[in-house]
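Residue numbers begin at 1 in each chain, while the letters A, B, ... track the order of the sequences.
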Amino acid sequence: MTRYNARATEIKWQKIWQERHSFATPADRTRPKYYVLEMFPYPSGRIHMGHVRNYAMGDVMARFRRAQGFNVLHPMGWDAFGMPAENAAFENKTHPARWTYQNIDNMRRQLQDLGLALDWDREFATCDPSYYRHEQAMFLDFLADGLVYRKESWVNWDPVDMTVLANEQVIDGRGWRSGALVERRKLSQWFLKITAYAEELLSALHSLERWPAKVRLMQENWIGRSEGARLLFDLKAAPAGCEQLEIYTTRPDTIFGASFCAIAADHPLAAALAAHDPKLAAFIAECRQTGTSEEALEKAEKRGHRTAVEAVHPFDPNWRLPVFVANFVLMEYGSGAIFGCPAHDQRDLEFARKYELPVLPVVIPEGIDPAAFTIGDDAYVEAGRIANSRFLDGMSVEDAKAEVTRRAEAGGFGSRTVNYRLRDWGVSRQRYWGCPIPIIHCPSCGIVPVPKQHLPVTLPDDVTFDKPGNPLEHHPTWKHVDCPQCGAKATRETDTFDTFIDSSWYFARFCSPHAETPFEREAAEYWLPVDQYIGGVEHAILHLLYSRFFTRAMKRVGLISLDEPFAGLFTQGMVCHETYRAPNGDYLLPDQVARDDGGVVRVAATGESVSVGRSEKMSKSKKNVVDPSVIIDTYGADTARWFTLSDSPPERDLEWTTQGIEGAWRFTQRLWRLVITLHDNAAGAATGASGDGLGLRRATHKTIALVTKAIEDFHFNRAVAHLYEYVNTLSALKPDENAAAVREALDTLIILIGPMMPHLSEELWQLLGHDTLAIDAPWPKADRALLADDTVTIAVQVQGKLRDTIEAPKDAPRDALEAQVLALEKVQRALDGKAVKKVIVVPNRIVNVVA
RNA sequence: GCCCGGGUGGCGGAACUGGUAGACGCGCCGGACUCAAAAUCCGGUGAUAGCGAUAUCGUGUGGGUUCGAGUCCCACCCCGGGCACCA
């Protein structure tokens with residue numbers, strides 16, 4: 001028998017699918033739809049194993065739902081703007097567009113080699129003006145609707161990428177892409193008002209039932225809702241214009257335990273005071289520095305600078321509190337000012353001890369005498385009764401919070417407030433390779449939107465990257481335009497959008513990628529929301545939160561009636577591999593090493609010993625990478641797909657091993673041989689076949705049920721295990737097995753492996769004589785009558801310990817089972833003469849004898 | 001520090017709502033085929049004791065509930081991830 005030539009066969013079928021437009025998205029809107037989408041790839045140039053795993057999963061769902069009769073939308077495109085293209089332009093003297101489109105061509109070919117059921121007619125790249133023009137138009141809509149504003153603000157400045165970053169793009173004080181230490185700078189920036197949707201983005205999380213709980217929780221924490229109160233304190237000895245201080249607290253009940261107020265270094269009051277206080281100015285400068293160095297921030301001690309200003313206690317005009325500028329108060333959170341109650345807040349306590357401020361407990365644990373309760377090194381943050389607090393004494397914490405807020409509102413010096421950690425989304429980037437912000441700055445008219453008929457504002461091609469900073473800023477002519485309103489000489493905005501904007505609506509564009517509007521409403525409302533979105537958990541906050549907001553913004557300006565873009569989300573695990581290091585410490589590629597007979601890993605070329613490190617996420621820097629192209633050339637796409645689906649649960653990390661891929665490859669060959677052998681046997685035995693094939697038919701239909709359920713539940717590894725088991729059953733068949741049952745088994749097997757091994761599935765389907773395509777065959781339905789056996793194996797226990805098993809007819813009566821079990825020799829031996837107290841019978845499962 | 005996950009053979013992992021722990025794969029061991037190797041096929045494979053039937057132990061640790069616990073409850077240990085001067 002010939003061996004299965006995977007590569008040649010795969011190319012053949014890919015061509016046929018393409019010729020027949022097998023994966024064109026159906027225009028028919030009568031059938032149920034299924035939109036499956038993998039997270040937008042950045043065209044880095046080559047796919048990696050993480051892509052293979054991600055797309056293999058999405059492709060299984062796409063093919064599975066297609067076979068089940070759904071209209072499937074499964075598109076692909078490119079998140080094509082971004083820094084790496086500019087870096088490459090600088091290093092290789094190529095234009096970012098050229099570099100990007102070359103990469104796209106390479107990656108498209110690689111993805112096509114995988115045989116993915118993608119509708120390539122819908123492909124687009126975000127760097128194409130026909131895409132980003134709509135982004136510019138939507139931005140202007142948002143601006144007109146009050147969702148966009150411009151503000152001078154402190155920003156996270158990435159000194160390597162020479163651009164600003166949003167808060168969530170700063171990880172451990174470093175830029176998410178460059179890894180550079182982030183600095184703080186004050187710049188004029190465009191912001192999208194994501195905070196206007198904080199409450200909705202939070203409360204709607206509960207409706208996302210098919211999202212991982214983990215991702216919902218991460219978004220919940222990121223939005224960071226808290227309930228509290230804003231309170232106004234009158235100030236004494238404050239600079240003009242700063243006579244009042246607004247603080248935010250979640251613990252208004254502790255107001256009588258207050259011993260100081262603290263404001264952020266960036267607070268206007270601090271700035272006003274610093275003008276005449278060089279020491280304070282120096283302290284503020286210091287605070288700004290420690291704000292950026294992550295190591296120092298980690299363990300920074302709570303420090304403050306006492307000002308001459310005093311705050312008047314809102315409930316006692318004779319009570320004065322010192323006002324500090326403190327390094328632990330953030331201008332961006334709440335009102336940038338707090339009152340400190342050391343007895344009931346650990347951080348305030350540390351501060352109070354350091355600056356020798358009073359520590360008065362006002363919440364007393366239930367049943368403790370207030371006079372006897374003192375605070376040591378730990379603040380008391382549990383529930384209790386209020387004491388030492390005048391009109392609040394005796395109340396619970398909750399009642400006291402309400403009472404203080406009520407009195408503050410009545411007195412006009414405070415109000416109940418809901419506060420969020422979430423901040424507005426700064427979208428200006430000082431980069432070339434992004435979507436230009438369609439704004440003109442006019443000396444007399446101010447900020448003027450580019451008229452929509454002038455869109456798109458396109459990027460100039462003739463730019464250079466030899467100077468650091470933004471090439472649009474350096475370009476000799478591009479930014480100079482006439483003001484659309486008054487005709488005076490004006491300049492274009494030279495900032496471009498954060499690339500997360502590009503990926504915040506692409507899922508909608510895929511519904512009608514050639515539309516003259518961002519998307520056709522009818523198409524978008526048929527296809528959206530995405531039924532199954534698949535990607536890495538690293539986008540749990542950034543991309544997924546932005547997209548949820550952007551969808552609401554599109555709804556607000558009347559483009560669509562939809563709140564949530566992604567109904568189902570799946571976050572897959574990473575692909576990992578062992579790391580190898582040569583004696584000199586250099587990392588080695590997996591194919592630079594070899595295992596000798598004793599299992600010792602050595603450098604293949606030199607025989608030097610290699611130290612083997614633990615399995616880690618594949619990364620170029622650690623060289624523990626395996627190139628998908630090499631794997632596809634060697635074993636074929638089906639085998640690569642099968643392996644990435646087989647070994648680990650999809651949500652967990654997958655360990656890539658040579659043995660693993662070889663095992664998958666052996667299985668591919670085995671399937672090929674098995675189907676041919678059984679097909680030949682059944683054909684030859686057609687007349688002399690024995691039996692009714694019932695046993696085989698039961699196995700077939702059980703497998704259909706199990707595999708279908710496993711795929712529906714995203715348990716691809718279990719689907720694979722069931723298929724292995726089924727193939728074991730088929731391998732053990734006698735040559736004279738009932739021919740019709742064998743035929744059913746083979747047809748079923750071929751369709752069931754289809755979503756994972758589509759090419760082999762087609763080849764075998766054809767080999768069995770079908771003149772249709774396997775992908776056009778409907779998904780088999782399990783016959784319920786064949787799912788149950790006539791007899792069951794029942795476990796026999798004595799005192800809860802397994803002693804024997806018996807075969808019994810299904811649903812055998814209790815009495816008969818009991819009698820049968822008590823008669824068993826092993827049961828009698830285990831009983832050892834003891835009297836039987838009772839017998840527990842779980843129908844069709846166990847019989848437990850209790851003595 | 002806070003909040004989530006997760007600890008099951010040599011390894012990746014199965015186990016429905018408490019009911020035969022270890023499916024399936026990898027690896028390993030033995031055998032067949034072969035001049036030999038590769039490939040393939042057959043058998044075995046949690047630990048301990050025993051020739052054996054079998055017995056005892058066994059799902060991170062220690063308790064508990066139950067006829068029966070990987071699964072439920074309490075306490076703890078370890079690993080992974082997320083967040084963090086958040087008032």
Exercise for the section: Give a yes or no on whether the ring-centroid distance for A/W642 and A/Y724 is below 6.0 angstrom. Expected result: yes
Practice task
Describe the nucleic acid contact of A/L217 in one word from base, sugar-phosphate, nothing, applying a heavy-atom distance below 4.0 Å.
Solution key: sugar-phosphate
Exercise for the section: Could you tell me whether the phosphate oxygens of B/G25, OP1 or OP2, come under 4.0 Å of any side-chain nitrogen or oxygen in A/Y724? Expected result: no
Exercise for the section: Determine whether A/D345 and A/V381 make a side-chain contact, defined as any pair of heavy atoms from C-beta on separated by less than 4.5 Å. Expected result: no
Exercise for the section: May I ask you to decide whether A/E220 forms a salt bridge with A/R216, counting only side-chain N to carboxylate O separations under 4.0 Å? Expected result: no
Exercise for the section: For A/N624 and A/H577, indicate whether the former's side chain and the latter's backbone hold a donor-acceptor pair under 3.5 Å. Expected result: yes
Practice task
Using a 4.0 Å heavy-atom cut-off, write out nucleotides 46-51 of chain B from 5' to 3' as B (base contacted by protein), S (sugar-phosphate only) or - (no contact).
Solution key: ------
Problem - Pairing of A/D638 and A/R7 as salt bridge, 4.0 angstrom limit - result: no
Problem - Spacing of the C1' atoms in B/C28 and B/C67 (rounded, Å) - result: 40 Å
Fill in the blank from the handout: A/R347 has its side chain closest, among B/C83, B/U54, B/A87, to B/A87
Completion exercise
Atom CG of A/N728 and atom C1' of B/G25 are separated, to the nearest Å, by 10 Å
Completion exercise
When rounded to whole Å, the NZ to P distance for the pair A/K702 and B/A23 reads 18 Å
Exercise for the section: Could you grab the distance from atom CD1 of A/I223 to atom CG of A/L202, nearest 0.5 Å is fine? Expected result: 5.0 Å
Exercise for the section: Let me know the distance between CG of A/N844 and P of B/G19, rounded to the nearest Å. Expected result: 15 Å
Problem - Inter-nucleotide P distance (B/U54, B/A21), Å rounded - result: 15 Å
Exercise for the section: Verify the contact: side-chain N or O of A/R718 to OP1 or OP2 of B/A15, cut-off strictly under 4.0 Å; return yes or no. Expected result: yes
Exercise for the section: Please check if the side chain of A/N717 supplies one atom and the backbone of A/S646 the other of a donor-acceptor pair under 3.5 Å. Expected result: no
Practice task
Using a 4.5 Å cut-off on heavy atoms from C-beta on, say whether the side chain of A/L357 contacts that of A/V359.
Solution key: no
Handout entry: Strand-adjacent residues in residues 249-264 of chain A, judged by heavy atoms under 4.0 Å from RNA chain B
Key = A/T249, A/T250, A/R251
Practice task
Report yes if a donor N or O on one partner sits less than 3.5 Å from an acceptor N or O on the other, where the partners are the side chain of A/R845 and the base of B/C16; otherwise report no.
Solution key: yes
Problem - Between B/G25 (P) and A/H722 (NE2): distance, integer Å - result: 13 Å
Problem - Whole-Å P distance, B/U56 and B/G68 - result: 16 Å
Practice task
Output yes when A/K401 and A/E398 qualify as a salt bridge under the 4.0 Å nitrogen-oxygen rule, no when they do not.
Solution key: yes
Problem - Atom P, compared across B/U40 and B/G25: separation rounded to whole Å - result: 14 Å
Handout entry: Side-chain heavy-atom pair A/W665, A/Q669 within 4.5 angstrom cut-off
Key = yes
Handout entry: Close side-chain approach of A/T668 to A/M757, heavy-atom, < 4.5 Å
Key = yes
Handout entry: Sequence-distant partners of A/R251, salt bridge (charged side-chain N to carboxylate O under 4.0 Å, His left out), two or more places apart
Key = A/D253
Completion exercise
For nucleotides 63-75 of chain B, 5' to 3', base contacts (B), sugar-phosphate-only contacts (S) and non-contacts (-) with protein non-hydrogen atoms under 4.0 Å give ----BS-------
Problem - Rounded distance [0.5 Å steps], OG1 in A/T658 versus CD1 in A/I631 - result: 7.5 Å
Practice task
Between B/G27, B/A87, B/G81, spot the one nearest the side chain of A/Y248, thanks.
Solution key: B/A87
Handout entry: Distance in angstrom units between A/D377 CG and B/G1 C1', rounded
Key = 16 Å
Problem - Heavy-atom check, side chain of A/Q572 versus side chain of A/M57, under 4.5 Å - result: yes
Exercise for the section: Please examine the side chains of A/V626 and A/M618, heavy atoms only from C-beta on, and report whether any two atoms are closer than 4.5 Å. Expected result: yes
Handout entry: Sugar-phosphate, base or nothing in reach of A/K826, heavy atoms under 4.0 Å
Key = sugar-phosphate
Practice task
Would you mind reporting whether A/F351 and A/F260 have side-chain heavy atoms less than 4.5 Å apart?
Solution key: yes
Exercise for the section: Identify whether any heavy atom of A/V329 sits under 4.0 Å from a base atom; if not, whether one sits that close to sugar-phosphate; answer base, sugar-phosphate or nothing. Expected result: base
Handout entry: Heavy-atom side-chain contact between A/W211 and A/Q219 under 4.5 Å
Key = yes
Handout entry: Whole-Å C1' distance, B/G50 and B/C57
Key = 15 Å
Exercise for the section: Kindly say if A/N717 contacts the phosphate of B/A14, meaning a side-chain N or O under 4.0 Å from OP1 or OP2. Expected result: yes
Exercise for the section: Indicate, with a heavy-atom threshold strictly under 4.0 Å, whether A/T793 touches base, sugar-phosphate, or nothing. Expected result: base
Handout entry: Touch class at under 4.0 angstrom, heavy-atom based, for A/R803 against every strand present
Key = sugar-phosphate
Exercise for the section: Please confirm whether any donor atom in the side chain of A/K214 sits under 3.5 Å from an acceptor in the base of B/C4, or the reverse. Expected result: no
Problem - Span that lies between the P atom of B/G44 and that of B/A36, in whole angstrom - result: 26 Å
Problem - 5' priority, RNA chain B, between A/W665 and A/T657 [closest heavy atom] - result: A/T657
Completion exercise
Rounded to whole Å, the CE-C1' distance (A/M218 to B/G81) equals 8 Å
Exercise for the section: Mark yes or no for whether A/Y380, through its side chain, and A/I375, through its backbone, hold a donor-acceptor pair below 3.5 Å. Expected result: no
Exercise for the section: Can you tell me, in whole Å, how much space there is between the P of B/U65 and that of B/G10? Expected result: 31 Å
Please list, for nucleotides 10-12 of chain B, all pairs of protein and nucleotide N/O atoms separated by less than 3.5 Å.
from	atom 1	to	atom 2	distance (Å)
B/G12	O2'	A/D647	O	3.1
B/G12	O2'	A/S648	OG	3.2

Exercise for the section: Take the protein atom CG of A/D345 and the nucleotide atom P of B/C86, then report the distance between them rounded to whole Å. Expected result: 8 Å
Practice task
Give the dot-bracket string for RNA chain B, reading 5' to 3', where a pair is Watson-Crick or G-U wobble with both distances under 3.5 Å, ( ) marks pairs inside the strand, [ ] marks pairs crossing earlier ones, | marks a partner on another strand, and . marks unpaired.
Solution key: (((((((..(((......[....)))((((((.......))))))((((....))))..(((((..]....))))))))))))....
Exercise for the section: Output yes when a side-chain donor or acceptor of A/R641 lies under 3.5 Å from a complementary backbone atom of A/A56, and no otherwise. Expected result: no
Practice task
Please measure how far the P atom in B/C4 lies from the corresponding atom in B/C73, and state the result in whole Å.
Solution key: 14 Å
Exercise for the section: Could you pick out which residue, A/V842 or A/Q669, lies toward the 5' side of RNA chain B when each is mapped onto its nearest nucleotide? Expected result: A/V842
Handout entry: Whole-Å gap separating C1' (B/A15) and CG (A/L706)
Key = 13 Å
Exercise for the section: State the syn/anti category of B/G9 according to its glycosidic angle, syn meaning within 90° of 0. Expected result: syn
Exercise for the section: May I ask you to evaluate whether A/R666 reaches the phosphate of B/C41, defined as a side-chain N or O under 4.0 Å from OP1 or OP2? Expected result: no
Handout entry: Distance-minimising heavy-atom pair for A/A795 and A/L802
Key = CB-CD1, 3.7 Å
